[in-house]
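Reminder, nothing fancy here: chain letters follow the sequence lines and each chain counts from 1.
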Protein chains: 2
Amino acid sequence: MNQKQLQSEQTKKKIAEAARALFVQKGYKATSIEDIVRTTGSSKGNIYYHFKSKEGLFLYLIEEWDREWILNWGQSVHLYKTTTDKLYGVAQQLADDDLNHPLTKAADEFFHQEEKTSEVESRIAEMMARHLEFNQKLLQEGIDCGEFGPNDTERLAVILEALFFGANQLSRSLSPHKTRVLYKDAITVFLNGITRNKLTESEEE
Amino acid sequence: MNQKQLQSEQTKKKIAEAARALFVQKGYKATSIEDIVRTTGSSKGNIYYHFKSKEGLFLYLIEEWDREWILNWGQSVHLYKTTTDKLYGVAQQLADDDLNHPLTKAADEFFHQEEKTSEVESRIAEMMARHLEFNQKLLQEGIDCGEFGPNDTERLAVILEALFFGANQLSRSLSPHKTRVLYKDAITVFLNGITRNKLTESEEE
DNA sequence: TTTTATATACTGAACGTTCGTTTTGTATTC
DNA sequence: GAATACAAAACGAACGTTCAGTATATAAAA
């Protein structure tokens with residue numbers, strides 16, 4: 001790769017980082033290409049040179065978020081011995097990640113739209129399903145090794161995800177320290193809530 | 001009020017209801033005045049005759065949500081004897097309300113924007129603060145009458161709100177029955193989580 | 001080694017579309 | 001006759017995207 005290509009890669013990265021910050025802060029629709037132009041100093045044409053479209057740029061970002069999440073978790077999971085520690089570890093990683101949760105304000109604009117499914121929306125639905133699966137497996141591990149009693153891990157996985165999502169929303173106005181406290185508290189309440197009593201059988205619809 | 005005024009009130013109501021459904025489904029920015037025109041059969045001019053602006057229409061709706069919430073809660077609170085029952089009652093009301101939570105997808109587009117505060121945003125921040133206060137008072141009542149042990153109700157109030165918010169987000173793709181189960185489960189885990197162990201002291205920043 | 005041609009990276013105006021709002025008008029009720 | 005309720009075209013602004021162009025680095029030819 002020569003110097004010009006290197007410079008070009010840096011430009012693309014700069015555009016992506018600026019876009020990321022704006023999407024997190026303002027949301028998808030409220031962020032304009034002109035906003036990104038002002039923030040980066042790159043032209044509209046340059047943005048479209050590097051990314052197919054505004055939606056393509058956003059898709060690139062959520063793929064990047066997903067890769068980073070998996071990488072970071074893979075690097076830190078071995079530090080935790082118990083499922084309890086892992087849950088606190090997940091909360092820590094979510095709290096410290098400035099994006100906090102892939103289903104951020106921007107991504108939510110795509111989530112569960114009833115119009116024709118865009119590529120972004122498909123990808124987000126897929127990530128959501130994998131998050132729930134990740135939660136469920138973690139909880140099943142805890143049950144299997146006796147940390148928690150038997151329980152409906154599918155339903156608990158949804159509660160846990162709801163808790164993370166809600167914490168994400170409420171943390172936007174908090175300091176990093178208070179964000180960490182919020183996530184830790186959330187896990188504490190959740191763990192206290194599942195270690196002794198199982199959920200009641202849900203009635204048939 | 002004469003017949004023409006009556007008819008006019010009904011038109012205004014029809015516009016508001018159509019807008020409400022569209023804002024809940026698509027969000028604020030993604031819903032256009034044209035969308036409301038198509039859904040109601042009313043003209044743009046008519047919408048602007050009844051409402052000052054698009055944002056004014058939305059503000060009207062969140063005020064209405066707030067009033068209805070308070071009214072409904074006021075009508076049902078006496079049915080519950082314990083704080084535990086009240087928490088399940090709140091969850092039931094949230095689950096059954098098709099708007100589910102004032103901080104819906106649409107409202108979130110205003111929440112914590114860093115630009116100059118609009119009237120809608122001020123109102124939403126105010127509602128959020130009152131929800132947290134409502135949660136805190138409810139939990140304090142439970143502590144005072146011995147249902148729960150002493151705890152940091154301010155922090156727990158935030159956890160509870162996070163749980164409600166997350167449940168709202170995740171319930172959008174669920175059936176009404178599954179939504180009720182999700183909310184009930186959330187309260188169950190929360191109650192189990194707070195009735196025995198108090199939160200650890202949070203470290204100073 | 002120097003010159004020329006080519007490919008790539010980037011610019012910013014133009015375009016077509018969509019948006020929220022205003023304006024001008026008509027119909028109907030009081 | 002006046003006021004109100006309503007319609008729909010027009011308006012100005014903002015939007016995402018395309019296009020014709022320039023600048024520059026690199027490769028190829030002389």
Side-chain angles (χ1 to χ4, degrees), chain A residues 1-20 22-23 25-62 106 109-110 113 115-116 118-121, chain B residues 1-20 22-23 25-62 106 109-110 113 115-116 118-121:
Chain A
M1 188 189 284
N2 60 28
Q3 184 194 344
K4 189 166 183 179
Q5 282 173 319
L6 214 64
Q7 187 64 36
S8 183
E9 280 294 309
Q10 284 174 354
T11 299
K12 184 173 180 177
K13 192 165 182 152
K14 184 168 113 182
I15 292 168
E17 281 170 15
R20 178 172 169 150
L22 284 162
F23 285 141
Q25 171 199 335
K26 303 177 76 170
Y28 178 79
K29 261 190 171 282
T31 296
S32 64
I33 298 295
E34 193 59 38
D35 286 334
I36 301 169
V37 162
R38 280 198 291 277
T39 304
T40 57
S42 288
S43 63
K44 284 189 167 189
N46 200 8
I47 293 169
Y48 283 95
Y49 175 75
H50 288 286
F51 299 97
K52 185 181 174 187
S53 62
K54 183 183 179 186
E55 184 164 316
L57 169 53
F58 188 65
L59 183 61
Y60 173 93
L61 290 174
I62 63 173
E109 288 176 45
F110 288 86
Q113 294 203 76
E115 287 160 24
K116 71 172 171 71
S118 70
E119 196 175 351
V120 168
E121 191 177 352
Chain B
M1 190 189 285
N2 59 28
Q3 185 192 344
K4 189 166 185 178
Q5 281 173 319
L6 214 63
Q7 188 66 37
S8 184
E9 280 295 308
Q10 284 174 353
T11 299
K12 183 173 182 177
K13 190 166 183 152
K14 183 169 116 184
I15 291 168
E17 281 170 16
R20 178 171 169 151
L22 284 162
F23 285 141
Q25 171 197 334
K26 303 177 75 170
Y28 178 79
K29 263 191 168 280
T31 297
S32 63
I33 298 294
E34 193 58 38
D35 287 334
I36 301 169
V37 162
R38 280 197 292 275
T39 304
T40 57
S42 289
S43 63
K44 284 191 169 189
N46 200 9
I47 293 170
Y48 282 95
Y49 175 77
H50 289 286
F51 300 97
K52 184 181 174 186
S53 62
K54 183 184 179 186
E55 184 164 315
L57 168 54
F58 188 65
L59 183 61
Y60 172 93
L61 289 174
I62 63 174
E109 288 175 47
F110 288 86
Q113 295 202 75
E115 288 158 26
K116 73 173 170 66
S118 70
E119 194 175 354
V120 168
E121 192 178 351

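Between Gln10(B) and Lys13(B), the closest side-chain pair of non-hydrogen atoms is not below 4.5 Å. In this structure, the side chains of Lys12(A) and Tyr60(A) come closer than 4.5 Å at one or more pairs of heavy atoms. In this structure the side chain of Leu59(B) never reaches within 4.5 angstrom of the side chain of Glu55(B), judged on heavy atoms.
Regarding Lys29(B), its NZ atom lies at a distance of 17 Å from the P atom of dA13(D), rounded to whole Å. Following rounding to the nearest Å, Tyr28(A) (OH) and dC15(D) (C1') show an atom-to-atom distance of 11 Å. At whole-Å resolution of the value, CG in Leu6(A) and P in dT26(D) are 10 Å apart. Ile47(B) places its CD1 atom 11 Å from the C1' atom of dA7(D), with the value rounded to the nearest Å. For the pair Lys54(A) NZ and dA14(D) C1', the computed distance is 11 Å after rounding to whole Å. Atom CZ of Phe51(B) is separated from atom P of dC6(D) by 11 Å (rounded to the nearest Å). Here dC19(D) presents its P atom at 13 Å from OH of Tyr48(A), a figure rounded to the nearest Å. Atom CG of Leu57(A) is separated from atom P of dT17(D) by 10 Å (rounded to the nearest Å).
Contact between the side-chain N/O atoms of Ser32(B) and the OP1/OP2 oxygens of dT18(C) is not found at any separation under 4.0 Å. For the OP1/OP2 pair of dC10(C) and a distance below 4.0 Å, the side-chain nitrogens and oxygens of Thr11(A) include at least one atom meeting the criterion.
The side chain to side chain donor-acceptor pair (under 3.5 Å) check on Ser32(A) picks up Asp35(A), with sequence neighbours excluded.
Taking every side-chain heavy atom of Asn46(B) into account, dC6(D) is the closest of dT18(D), dC6(D), dG20(C).
Of all the heavy atoms in Ala16(A) and Phe51(A), the pair that sits closest is CB-CZ, 4.3 Å. Between Ser42(A) and Thr11(A) the shortest heavy-atom distance is OG-CG2, 4.0 Å.
Using a 4.0 Å cut-off on heavy atoms, the residues of residues 36-45 of chain B that approach DNA chain C are Lys44(B), listed by number.
Taking the six-membered ring where tryptophan is involved, the planes of Phe58(A) and Phe23(A) are perpendicular, since the angle between them exceeds 60° and thus also 30°.
Remark: of the listed residues Leu57(B), Thr39(B), Ile36(B), Ile36(B) is the sole one forming a side chain to side chain contact (heavy atoms under 4.5 Å, CB included) with Thr31(B).
Side-chain N or O atoms of Gln5(A) include one that pairs as donor or acceptor with a backbone N or O of Asn2(A) at under 3.5 Å.
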Heavy-atom contacts, protein to nucleotides 25-30 of chain C, under 4.0 Å, summarised as B (base), S (sugar-phosphate only) or - (none) per nt, yield ---BSS
